[in-house]
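Notes for the one structure printed next.
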Amino acid sequence: MKFQAIKGVRDILPPESALWNRVEQAARDVFGTFGFAEIRLPIFEQTELFARSVGQETDIVSKEMYSFQDHDSSISLRPEATASVVRAYIEHGMQTLPGNVKLYYMGPMFRRERPQKGRYRQFYQIGAEVLGPSDAPGIDAEVIEMLLAFFERLQLKGAVLNINSIGDKNCRPAYVELLRAELQKVREQLGADSQRRIDTNPLRVLDSKLEHEQAIIEKLPHIADHLCAECRAHYDEVKRQLALRGITYQENWRLVRGLDYYMRTTFEITAPGLGSQNAVCGGGRYDGLVELLGGQATTKGIGFAIGTDRLLLSLQESGAGEVEGGLDVYLAWFGAAAQTAAIKLARRLRDAGFVVELPAVEMKFGKSLGLADRLKARHAVILGEDELAAGVVAVKNLADGTQNKLAEQDLFSYLRASHASD
RNA sequence: GUGAGCGUAGCUCAGCUGGUAGAGCAUCGGUCUGUGGCACCGAGGGUCGCGGGUUCAAACCCCGUCGCUCACCCCA
């Protein structure tokens, strides 16, 4: 036990890896039908890209990014993908593409946080972004619809959509100051963490989990009551657009984002079975980000990121995580001549799409079938001297023990029929 | 960064008031040279996380350290 995976990273082993593939394939299928196309991004970028998008002063940059010196520049493992998508959008002049650009991505992200349930240092996200000239509320609603369609496809149970509007640069600063002022009045009743947040990030007081702070927080002013007319209208229309799509949601006035470039629509989906970190997806509108990273000020953006690790946790928790796989055929052979025939038969079966295990060395049939059983093969195809002489194969159903002798051409239809009836 | 709980075989765990390690499952082999699941027999696999201390003697007691898990902080 000399080497082990470093803290916060893990191996994804079979059979769980099959579930990962199913989830990622479902994302490609569903997002594709909404007209999204995949963007494959680098794993690292200039540190400055992330620092700019997140703001220099937070300890996200100083403590939680994997940054290192590469010759004379600092680069960082990506902690998220939105900054990279925006960088690529600007770098490749995608504002000249017709309409809004709809992109999705999936892959590992890296944050140096203390691991806990559903939180790893190398974790995975599946995300999508819409970038372009329009900030129509219908886009917000469609992005959310797509997300829910994806979760539906996976039969995720117990997902709850929370939405909020956090205003924009016209109305949020005034709200934040109002909030700060109200918090000052109750400062002494708050815990040390919340007291600190009054100064550093008043919005974050709203998602405090401390029991004794809840009653105090409930009385704080709601941002929904302090939106400017434009944000108010946008938010109302987002809700109407969700209703048009038959989407049920919870308005959660305490759902916030920490960074300045976020504005208006904010949403989050929680799912059961996740422990303390119970959000399986977060998203929102970030109309200021393209400009912040050097693009056109008129470019709007909205997107989301799904925590794939957590999505899988929740699927497994609810029993929707079973992926059936396994062997169709265990090809038991004995004797040199049978091996020759078995090698050729195995290839033909595989070409036809069957999952075939072909023993590499000669084994007695008893041992062979024992292995077939433990490998959970559906059928054993038996090929020995007798079958060879008769020009047939024996095929045994390992679940019920029935066995038939078939000509090779009949084997394929036999297997296909039994496969279909599973 | 903070706090709590836990570290004995691949896995799940037992191991009494200290007397230098065991079970079940899994793996491999045999009973079984043409047929799996069952049964029986056998084998491999552990410096008891690591280091120090106490003791005639430590998996067990003490100190330290590392790791894992969960929660807080943070959350792009």
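Numbered from 1 within each chain, the chains take letters A, B, ... in sequence-line order.
The CZ atom of A:Arg121 sits 13 Å away from the C1' atom of B:C68 (whole-angstrom rounding). Look at CG on A:Asp199: it is 13 Å from P on B:C74, rounded to the nearest Å. One can place CD of A:Glu113 at 12 Å from P of B:C72, the figure rounded to the nearest angstrom. Whole-Å rounding puts the A:Gln4 CD to B:G49 C1' distance at 9 Å. Rounded to whole Å, the distance from CZ on A:Arg114 to C1' on B:C72 is 10 Å. Rounding to whole angstrom units, CG of residue A:Asn397 and C1' of B:G37 are separated by 13 Å. Taking atom CH2 of residue A:Trp333 and atom C1' of nucleotide B:G34, one finds them 14 Å apart after rounding to whole Å. One can place OH of A:Tyr330 at 11 Å from C1' of B:G36, the figure rounded to the nearest angstrom.
One finds a side-chain N or O of A:Arg374 lying less than 4.0 angstrom from the OP1 or OP2 phosphate oxygen of B:C28. Checking the phosphate oxygens (OP1, OP2) of B:G1, no side-chain nitrogen or oxygen of A:Lys63 falls inside 4.0 Å. A sub-4.0 Å separation between OP1 or OP2 of B:C72 and a side-chain N or O of A:Ser276 is present. For B:C72, one of the phosphate oxygens OP1 or OP2 lies less than 4.0 angstrom from a side-chain nitrogen or oxygen of A:Gln277. Note on A:Lys367: every side-chain N or O is 4.0 Å or more away from OP1 and OP2 of B:C28.
When each of B:G34, B:C74, B:A71 is scored by its nearest atom to the side-chain atoms of A:Glu385, the top-ranked nucleotide is B:G34. Of the candidate nucleotides B:C28, B:G34, B:C74, B:G34 has the atom lying nearest to any side-chain atom of A:Ile382. In the set B:C75, B:C72, B:G34, B:G34 carries the atom at the smallest distance from any side-chain atom of A:Glu387.
In the interface, the side chain of A:Gln403 is not paired with the base of B:G34 through any donor and acceptor atom under 3.5 Å apart. At a cut-off of 3.5 angstrom, the base of B:U69 holds no donor-acceptor pair with the side chain of A:Gln116. Looking at A:Lys396, its side chain comes within 3.5 Å of the base of B:G36 through a donor and an acceptor atom. Side-chain atoms of A:Arg119 come within donor-acceptor range of the base of B:C74, with a qualifying N/O pair under 3.5 Å.
Between A:Asp199 and A:Arg180, the shortest heavy-atom contact is O-NH1, 3.0 Å. The two residues A:Lys209 and A:Ser276 come nearest to each other via the heavy atoms NZ-OG, 3.5 Å. Here the closest heavy-atom approach between residue A:Gly8 and residue A:Tyr120 is recorded as O-CB, 3.2 Å. Across every non-hydrogen atom of A:Leu327 and A:Val356, the tightest pair is CD2-C, 4.1 Å.
Rounded to the nearest Å, the gap between the C1' atom of B:A58 and that of B:G15 is 14 Å. When the C1' atom is compared between B:G49 and B:G44, the two are found 23 Å apart, to the nearest whole Å. Nucleotides B:G45 and B:G5 are separated by 37 Å at their P atoms, to the nearest Å. Spacing of C1' atoms, B:U20 relative to B:C60, comes out at 12 Å, to the nearest Å. The gap from the C1' atom of B:C61 to that of B:U54 amounts to 8 Å, rounded to the nearest Å. Atom name P, nucleotides B:G46 and B:A23: the rounded distance is 15 Å, in whole Å. B:U8 and B:A14 have their P atoms separated by 10 Å, with the value rounded to a whole Å. Separation of the C1' atoms belonging to B:U17 and B:G29 is 43 Å when rounded to the nearest angstrom.
The local environment of CZ in A:Phe44 is sparse, with at most 12 non-hydrogen atoms from other residues, nucleotides or ligands closer than 6.0 Å. Residue A:Arg112 qualifies as open at atom CZ: its count of foreign heavy atoms under 6.0 Å is 12 or below. In A:Arg187, the CZ atom is crowded: over 12 heavy atoms of neighbouring residues, nucleotides or ligands sit closer than 6.0 Å.
Contacts of A:Gly275 with the nucleic acid, taken as non-hydrogen atoms under 4.0 Å apart, involve only primed sugar atoms and P, OP1 or OP2. Among the heavy atoms of the strands lying under 4.0 Å from A:Ala399 is at least one base atom, whether or not backbone atoms are also near. Residue-level contact check: A:Asp386 touches the bases, meaning some heavy atom is under 4.0 Å from a base atom. Contact annotation for A:Arg10: no contact, since no heavy-atom pair falls under 4.0 Å across all strands. Contact annotation for A:Phe50: no contact, since no heavy-atom pair falls under 4.0 Å across all strands.
Less than 6.0 angstrom separates the ring centroid of A:Tyr104 from the ring centroid of A:Phe31.
A donor and an acceptor atom, one from each side chain of A:Ser208 and A:Glu213, are located under 3.5 Å apart. A donor-acceptor contact under 3.5 angstrom links the side chains of A:Ser418 and A:His379, judged on distance only.
For the pair A:Gly370 and A:Phe110, nearest-nucleotide mapping onto RNA chain B gives the more 5' position to A:Gly370. Mapped onto RNA chain B by nearest heavy atom, A:Arg196 and A:Lys364 fall at different nucleotides, with A:Lys364 at the one closer to the 5' end.
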Next on the checklist: Let me check I have this right: for RNA chain B, each base becomes ., (, ), [, ] or |, based on Watson-Crick or G-U pairs with both distances under 3.5 Å. What is the full string?
Outcome noted: (((((((..((((.....[..)))).(((((.......))))).....(((((..]....))))))))))))....
